[in-house]
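Just so we're on the same page: letters track the sequence lines, and every chain starts at 1. The model shown is predicted, which means the values in this text are computed figures rather than measured ones.
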Number of protein chains: 2
Amino acid sequence: MSDLEAVSLRLEARGYRVTPPRRAVIAAVLQQAGHFSVEDLLHRCRGAGRATVFRTIRLLTELGVVCRVLLDDGSLHYRLSHRPQHHHHLVCTGCGKVQDLDDCAVSDLVRELSGSSGYEIEGHWLEFYGHCSACRSEVLAGVSS
Amino acid sequence: MSDLEAVSLRLEARGYRVTPPRRAVIAAVLQQAGHFSVEDLLHRCRGAGRATVFRTIRLLTELGVVCRVLLDDGSLHYRLSHRPQHHHHLVCTGCGKVQDLDDCAVSDLVRELSGSSGYEIEGHWLEFYGHCSACRSEVLAGVSS
DNA sequence: TCAGACATGATACCTCGTCTCAGTGAGACA
DNA sequence: TGTCTCACTGAGACGAGGTATCATGTCTGA
Ligand SMILES: [Mn+2]
Ligand SMILES: [Mn+2]
Ligand SMILES: [Zn+2]
Ligand SMILES: [Zn+2]
């Protein structure tokens, strides 16, 4: 079974129709290497209008097919999800490579805060930024050349 | 010394002029209760143009007079800073109340990741969302009535 | 077979910010 | 005192990113 079929089945299982425009968006998503903006997708995706691309990305996010990646400048990107559960990312600001972090690093803290702060905590953002080893060696090479 | 004077001195100390438009923006910032968007500020701030308001907010952020508050929908707000050092926030999505968290909860994790991931980590986003105790009691009262 | 639900996409519209550029004015200096 | 300079300003254009509207099309189940 292809990835496209697999995602289609998940859509149908939730009662959504698998239409040609949706198929086009899903296909475009599946061939993205790293993280991408919705605008990126629009350019690579004849066969679906602007509104439909936005709507489909929201759907895929709800289904867990893609995950949201918040960049350091505050812009929102997406990425094929490699983990079913809640997790966070380490993003290379040089080449864009994303490392999924195994589990939520602040779940203990959330519990602790729920007790001490009086807030009932319902969500959080957590993303890390840096340079991967490949990008760091490049920088060093560039400086010395 | 008024807050406005105090901020003005900090500007001058860095070589910036304290002009009437800047004073207007600072005054508007000082009378914001919670967190606010730049657009909020624009409406409350005759006496400075759009570009100047954005420019002044950036200045105030660099000076540490305000801190950035990332909301759960990804939009960026600001808030009078109550702590000089790097810190994070716990935001009530009901009433907007913000709790400053004492210190960076992930600094240990950043060190650990720097070792294990091969990335040199240079930044992160971390914000928490929930409902404060006041908002939770309101919800309960609303449901039962 | 057909009513109603679901889906689409052109288009208008909104926010959030940046950029440009001509003009202003404060202050350094002669 | 005049003049030069340079930070600062704001109108307005621009662009990215995203939502609302709505006429139209398609599917599905009774
Ligand atoms: Mn992920
Ligand atoms: Mn703060
Ligand atoms: Zn990299
Ligand atoms: Zn609250």
Side-chain angles (χ1 to χ4, degrees), chain A residues 7-29 32 35-63 65-79 96 125, chain B residues 7-29 32 35-63 66-79 96 125 127:
Chain A
V7 173
S8 300
L9 287 179
R10 291 173 70 174
L11 274 180
E12 279 172 347
R14 298 276 198 111
Y16 297 107
R17 296 184 192 158
V18 179
T19 62
R22 281 181 180 163
R23 226 186 295 270
V25 174
I26 296 168
V29 165
Q32 296 290 317
H35 57 81
F36 52 89
S37 67
V38 180
E39 221 70 23
D40 290 340
L41 218 54
L42 264 167
H43 294 134
R44 293 179 170 277
C45 181
R46 306 294 77 149
R50 184 177 169 69
T52 297
V53 172
F54 275 99
R55 285 189 286 237
T56 305
I57 276 293
R58 186 171 28 197
L59 256 186
L60 294 178
T61 306
E62 283 161 14
L63 289 182
V65 172
V66 298
C67 48
R68 308 201 296 175
V69 179
L70 180 68
L71 298 196
D72 51 353
D73 65 358
S75 68
L76 202 49
H77 277 219
Y78 295 86
R79 165 166 203 270
W125 276 116
Chain B
V7 174
S8 300
L9 287 178
R10 291 173 71 173
L11 274 180
E12 279 172 346
R14 298 276 198 110
Y16 297 108
R17 293 189 195 153
V18 179
T19 62
R22 281 181 179 163
R23 226 186 295 272
V25 174
I26 296 168
V29 166
Q32 295 291 318
H35 57 81
F36 52 89
S37 68
V38 181
E39 221 71 21
D40 290 340
L41 218 55
L42 263 168
H43 294 135
R44 293 179 170 278
C45 180
R46 309 291 78 149
R50 183 176 171 69
T52 297
V53 173
F54 275 98
R55 286 189 285 239
T56 305
I57 277 293
R58 184 171 30 195
L59 256 187
L60 295 179
T61 306
E62 282 160 15
L63 290 181
V66 297
C67 48
R68 308 200 298 174
V69 180
L70 179 69
L71 298 196
D72 51 352
D73 65 358
S75 68
L76 201 50
H77 278 218
Y78 294 86
R79 168 165 200 268
W125 277 115
E127 306 275 8

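- A distance of 12.0 Å separates CZ of B/R79 from CD of B/Q32, quoted to the nearest 0.5 Å.
- The separation between A/F54 atom CZ and D/dA20 atom P is 12 Å, rounded to whole Å.
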Next on the checklist: How would you summarise protein contacts on nucleotides 1-15 of chain C per nucleotide, using B for base, S for sugar-phosphate only and - for none, with heavy-atom distances below 4.0 Å?
Outcome noted: ----BBSBBB-----
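- Rounded to an integer number of Å, the gap from B/D40 CG to C/dC16 C1' is 12 Å.
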Item to check | Trace of the side-chain contact (heavy atoms from CB on, under 4.5 Å) decision for B/H77 with B/E39 | outcome: CA-CA 10 Å; B/H77 278 218; B/E39 221 71 21; over 6 Å; no
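- For A/Y16, the OH atom sits in a loose shell: 12 or fewer heavy atoms of surrounding residues, nucleotides or ligands are nearer than 6.0 Å.
- The separation between B/L42 atom CG and C/dT18 atom C1' is 14 Å, rounded to whole Å.
- Remark: P of C/dC16 and CG of A/L71 are 19 Å apart, rounded to the nearest angstrom.
- Each of B/L60, B/T56, B/V7, B/V53 was compared with B/V29 under the side-chain contact (heavy atoms from CB on, under 4.5 Å) criterion, and only B/L60 meets it.
- Closest of all the heavy-atom pairs between B/H35 and B/G96 is CD2-O, 3.1 Å.
- Between the CG atom of B/L59 and the C1' atom of D/dA7 there is a distance of 12 Å, rounded to whole Å.
- Taking 4.5 Å as the limit, some side-chain heavy atom of B/W125 sits within range of a side-chain heavy atom of B/R68.
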